[in-house]
Every structure is written in structure tokens, then in C-alpha cells.
Amino acid sequence: MKGCDYLILKPRSESSELLILRALSPRKNFTEKERQYYLGLEKGYEGELKFDKLMETHLNEIPFLNDLLLEQNNSLFQIDSLGCSKDGLYLFDIKNFEGDFIVDGETWKTTNGTELKNPIHQSTRCETLFRKYLLERKFNLPIKSYLIFINPHFTLYNAPINPSIILPTQLDKFIEKLQMDISNPGTKYTKLVERILSDHRSGYPNPNLPKYEYGELKKGVFCSECRSNMLSDLDRTGKVFCGGCRNVESLESAVLRSIWDFQLLFPEKKVTTVEIFKWCNGIVGYRTILRILIKNFKREGNGKATFYL
DNA sequence: GTAGCACCGTAGGTATTAGG
DNA sequence: CCTAATACCTACGGTGCTAC
């Protein structure tokens, strides 16, 4: 089934937090804690994309709303994926945990003893808040909620017997069952979807971002794949090469990514030719930067006061 | 296979222009 | 008036096509 037949009413995209951390990761020396946090976000997002892919392949006749951030009684809650079937709503919480984990009563920990937030509690909290959210807005609908461990290399010792938890080994069966149960709701949820989309918060308050300053950040153009330094190619081919993974990328797209990172990290700074030239650490010629800016941005001002939007 | 060629893209010299 | 921005121009590498 083609992607365009898949009904995504609200697409998924990286949170601004993840985008900022991703832009910072090759440029700033993270503390171990920051690095772990960042990698956790990447991993989580990767898991969500994997889930989307599964749904696109196997459950493409019902609409989905992804990545919702809603509020109920001053409590924010996040929904990874919401499927709208004729028989009710399906709430999916997706975890991309990898490795061995142990359940000890209410506590979850890794085999080396590190405790983590109990994902069942998180999932239940989300479900509870979403039920209240619906009831308060007079939508009386059945909800089925699932906590899905999507990573095939996930093992849970002492796993609780709970039909809402889907372990990787159960995933195929689970999807088969969903295929039997769900069906296209037609226009049943038009009002609800409209309401949810208007309530959705795009901005997420972010206390976890590390502080950073222009001066402390490494300058350069970084590989989209492995984040290591890109090397300019001296043969004037319009390509740049990754020093780490040998990835080849067009000079223009690599520079555009750097400009985008610059705007993301320093929204208050103006994009000028020199500024971007310095930001890219001279990997790309000054005039090439200028040409890329002219081609892809709108120029404001003249002469020395020129900047790009 | 390869020489010849058009086309695309970057680098860098130089002249012109505008802002501070 | 000085400096940075930038337009215009040339040089040249890579690519892909064609004719042989």
C-alpha cells in the first residue's frame, strides 16, 4: 500500500528539543548525562518512526494522529500515536528500549541496576488524562490503550501478565489481531479530530536543554549520518565528504543544514554571508555561501546590512 | 573504450556599491 | 572614507551524451 493512502491526520516530526540537541551534539561537549538524554530522545523517536512504518504497512485503513501534546486540568500529557477505528480509539505508547530489563514489583531497572521510570505508570497516566479530556468535552468513546515495546532486542525479565503490554515477540500477533478488530470510521470522528488538533500544543516548555553560547560551539559542517566533520572536496565538484563514515553529500544541502542549525540554535542572530561562512568554519568558499543564500533565502537589506530570511 | 563537447557547479580575481 | 557585500567574469573539475 502506498504511503499516500495512509491516513495521517497529524504527522509526526522531531520535537524542537530533539532538533536542538541534534544540532548541538557535534558542536558542544555534552556531559555524560546530557549525551544519554539526547541519545534516549533519538532512540525514542526512531522507535516511533518504526511504529509508524508498521502501521503504514499493516493498518493503513484507519486514520492516525501522532505526537499529540494535550492538557487536562493543568497536566500536560503526550500521546505517541492515536488510531481512530469504528469501534473506538486506540492509544499507543511506544517504547524503543533495547537490552535486558528487570521488573521488580513496581520498579523497572536495567540489568546493571539503573532504575527507570515505570513505563506502565506513564502509560496509565496518559490514558487516565486522555479519558478525562474526552469526557470533559462530551466525547464518550471507548479507548483501548497499549504500551508497545517495539525494539526486537528488548527482553523483560519478570514481565507482568498484562494484555495492554505488547512485547516484541507478541508484536506480529498483536498486529494481526488489530487488523481483525479495526475498521475505517468514516466521518465518525470529524468533530473530535478537529477539537484535538486545535487543542494540540506545538510548543513544549523545555527545562532539560543544556545552556550553550556561540563562542563555545565547534564550527564546521557536520555529516547528516554520523555527525562527524565534513571535509570540503578540492575538486570543485559541489560535493562534501564525511571524514568519519565516507558519506558524500551535495555541498548545498550540507550548507543548508548548517544554516538551519544556526537559525535553530541562534534564532536571534541574523543570517549573513560572513556569519554563515564563519559558522561553517571556512569549509565552503565565501562566494559559494553567498550563492546558496541567494538561491534559498529571501534577501533583506543591502550592502553591509544584508541578511537572509 | 574514448575523444570531443555542452552543461553544471565551485573557486577566486577584480570592480562596484552601500553602510557605518 | 574605509570596509564588507556582492556582481561579473574567467578558469577549471566532473558528468553524461554522442560519434567513431
Side-chain angles (χ1 to χ4, degrees), chain A residues 1-5 11-30 35 38-39 41-42 45-46 49 52-53 56 202-203 206 209-309:
Chain A
M1 193 66 79
K2 275 186 294 180
C4 57
D5 297 326
R12 187 186 306 288
S13 60
E14 289 95 335
S15 65
S16 66
E17 182 182 30
L18 174 54
L19 288 173
I20 289 177
L21 287 172
R22 196 182 274 173
L24 279 178
S25 73
R27 296 182 169 92
K28 184 179 160 64
N29 292 319
F30 282 164
R35 205 179 64 90
Y38 162 60
L39 292 177
L41 285 187
E42 283 285 9
Y45 186 67
E46 194 185 298
L49 290 184
D52 291 347
K53 195 101 198 160
E56 184 181 342
S202 47
N206 232 310
L209 279 178
K211 296 221 177 329
Y212 56 90
E213 282 168 36
Y214 182 85
E216 70 172 312
L217 299 184
K218 288 194 195 81
K219 312 297 184 292
V221 177
F222 300 94
C223 176
S224 59
E225 301 299 316
C226 74
R227 318 260 133 210
S228 56
N229 247 305
M230 304 288 291
L231 307 170
S232 107
D233 142 48
L234 302 169
D235 297 338
R236 304 182 179 186
T237 52
K239 304 254 165 52
V240 283
F241 298 89
C242 173
C245 67
R246 315 309 297 164
N247 180 34
V248 182
E249 186 180 7
S250 89
L251 200 152
E252 179 162 330
S253 74
V255 169
L256 281 174
R257 186 176 56 258
S258 298
I259 298 173
W260 206 60
D261 284 354
F262 178 79
Q263 291 180 307
L264 185 68
L265 294 174
F266 302 101
E268 74 286 354
K269 281 193 197 289
K270 279 182 174 160
V271 175
T272 65
T273 318
V274 226
E275 198 67 69
I276 297 303
F277 179 70
K278 285 191 278 188
W279 180 244
C280 294
N281 205 20
I283 299 294
V284 185
Y286 184 87
R287 286 182 181 74
T288 304
I289 303 264
L290 174 68
R291 194 187 48 76
I292 292 172
L293 282 170
I294 289 171
K295 184 172 163 196
N296 296 281
F297 294 79
K298 188 178 182 308
R299 194 162 77 194
E300 292 285 325
N302 260 316
K304 268 180 163 174
T306 306
F307 61 99
Y308 299 83
L309 295 173

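Values reported hereafter were calculated over all heavy atoms of this structure, with side chains retained and with hydrogens, waters and symmetry mates removed. Every chain is numbered from 1, with letters handed out A, B, ... down the list of sequences.
- Rounded to an integer number of Å, the gap from Phe277(A) CZ to dT10(B) P is 15 Å.
- Between Phe30(A) and Tyr212(A), the distance from one ring center to the other does not fall under 6.0 angstrom.
- Here dG9(B) presents its C1' atom at 20 Å from OH of Tyr286(A), a figure rounded to the nearest Å.
- Counting heavy atoms from C-beta on, the side chains of Leu256(A) and Trp260(A) never come closer than 4.5 Å.
- Atom P of nucleotide dA5(C) and atom CG of Leu290(A) are separated by 9 Å, given to the nearest angstrom.
- For the pair Lys219(A) and Tyr214(A), the cation-pi test (distance below 6.0 Å, angle within 45°) is passed.
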